[in-house]
Amino acid sequence: MSRRCNALAYATRDRKQRKRQMRQLWIIRINAAARQNGMSYGKLISALKAAQIELDRKILADIAIRDASTFAQIVAVAKAA
């Protein structure tokens with residue numbers, strides 16, 4: 001009985017940790033791409049909010065990895081705001 005309770009506790013803990021780790025990975029990817037375009041992660045996120053661009057970190061990280069030219073355009077719009 002106690003093994004089952006431990007497994008449930010570990011499963012709950014690990015689901016939360018997986019979400020945390022994915023967010024960290026997205027931030028690392030966005031930061032790397034932003035620095036290639038002359039901005040830091042924090043400045044990019046604040047500029048995106050100022051420009052009222054509502055892209056979440058998951059989508060931004062995906063764009064940064066798959067389509068560098070689109071990400072560069074997003075950074076240019078954020079810089080202009």
Side-chain angles (χ1 to χ4, degrees):
M1 186 68 178
S2 66
R3 287 185 185 188
R4 186 169 185 213
C5 291
N6 283 342
L8 291 174
Y10 294 148
T12 302
R13 179 199 67 190
D14 292 339
R15 277 194 302 275
K16 291 182 179 185
Q17 283 183 349
R18 182 175 48 225
K19 290 174 187 154
R20 193 177 311 137
Q21 289 169 351
M22 290 306 296
R23 183 179 169 100
Q24 286 176 346
L25 178 64
W26 298 332
I27 290 171
I28 288 168
R29 287 179 175 174
I30 294 168
N31 189 24
R35 288 189 183 272
Q36 287 179 345
N37 289 290
M39 284 187 98
S40 68
Y41 169 79
K43 289 181 182 178
L44 175 63
I45 294 299
S46 66
L48 288 174
K49 288 182 182 179
Q52 295 180 345
I53 298 175
E54 295 181 3
L55 292 173
D56 61 2
R57 287 164 181 82
K58 181 180 179 181
I59 300 301
L60 273 175
D62 191 47
I63 292 171
I65 295 297
R66 297 180 190 274
D67 194 1
S69 62
T70 302
F71 189 81
Q73 290 175 350
I74 293 170
V75 171
V77 170
K79 281 182 181 179

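Not measured: the values here are computed from a predicted model. We're numbering straight along the sequence, starting at 1.
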Under 4.5 Å side-chain linkage, directly or through intermediates, the cluster mates of Ile30: Ile27, Met39, Tyr41, Leu44, Ile45, Leu48, Ile53, Leu55, Ile59, Leu60, Ile63, Phe71, Ile74, Val75, Val77

Heavy-atom closest pair, residues Ala47 and Ala78: CB-O, 3.4 Å

Point-to-point distance, once rounded to the nearest 0.5 Å, from CD of Gln73 to CG of Asp67: 8.0 Å

From CZ (Arg13) to CG (Asn6), nearest 0.5 Å: 10.0 Å

Atom pair CZ/CG of Arg57 and Leu25 - distance to nearest 0.5 Å: 13.5 Å

Over 12 non-hydrogen atoms of neighbours within 6.0 angstrom of NZ in Lys79: yes

Worked check of side chain to side chain contact (heavy atoms under 4.5 Å, CB included) between Arg23 and Lys19: CA-CA 6 Å; Arg23 183 179 169 100; Lys19 290 174 187 154; over 6 Å; no

Residue pair Ala81 / Ala50: nearest heavy atoms and the distance that separates them: CB-C, 4.4 Å

By side-chain hydrogen bond (donor to acceptor under 3.5 Å, both in side chains) - contacts of Arg66 (at least two apart): Asp62

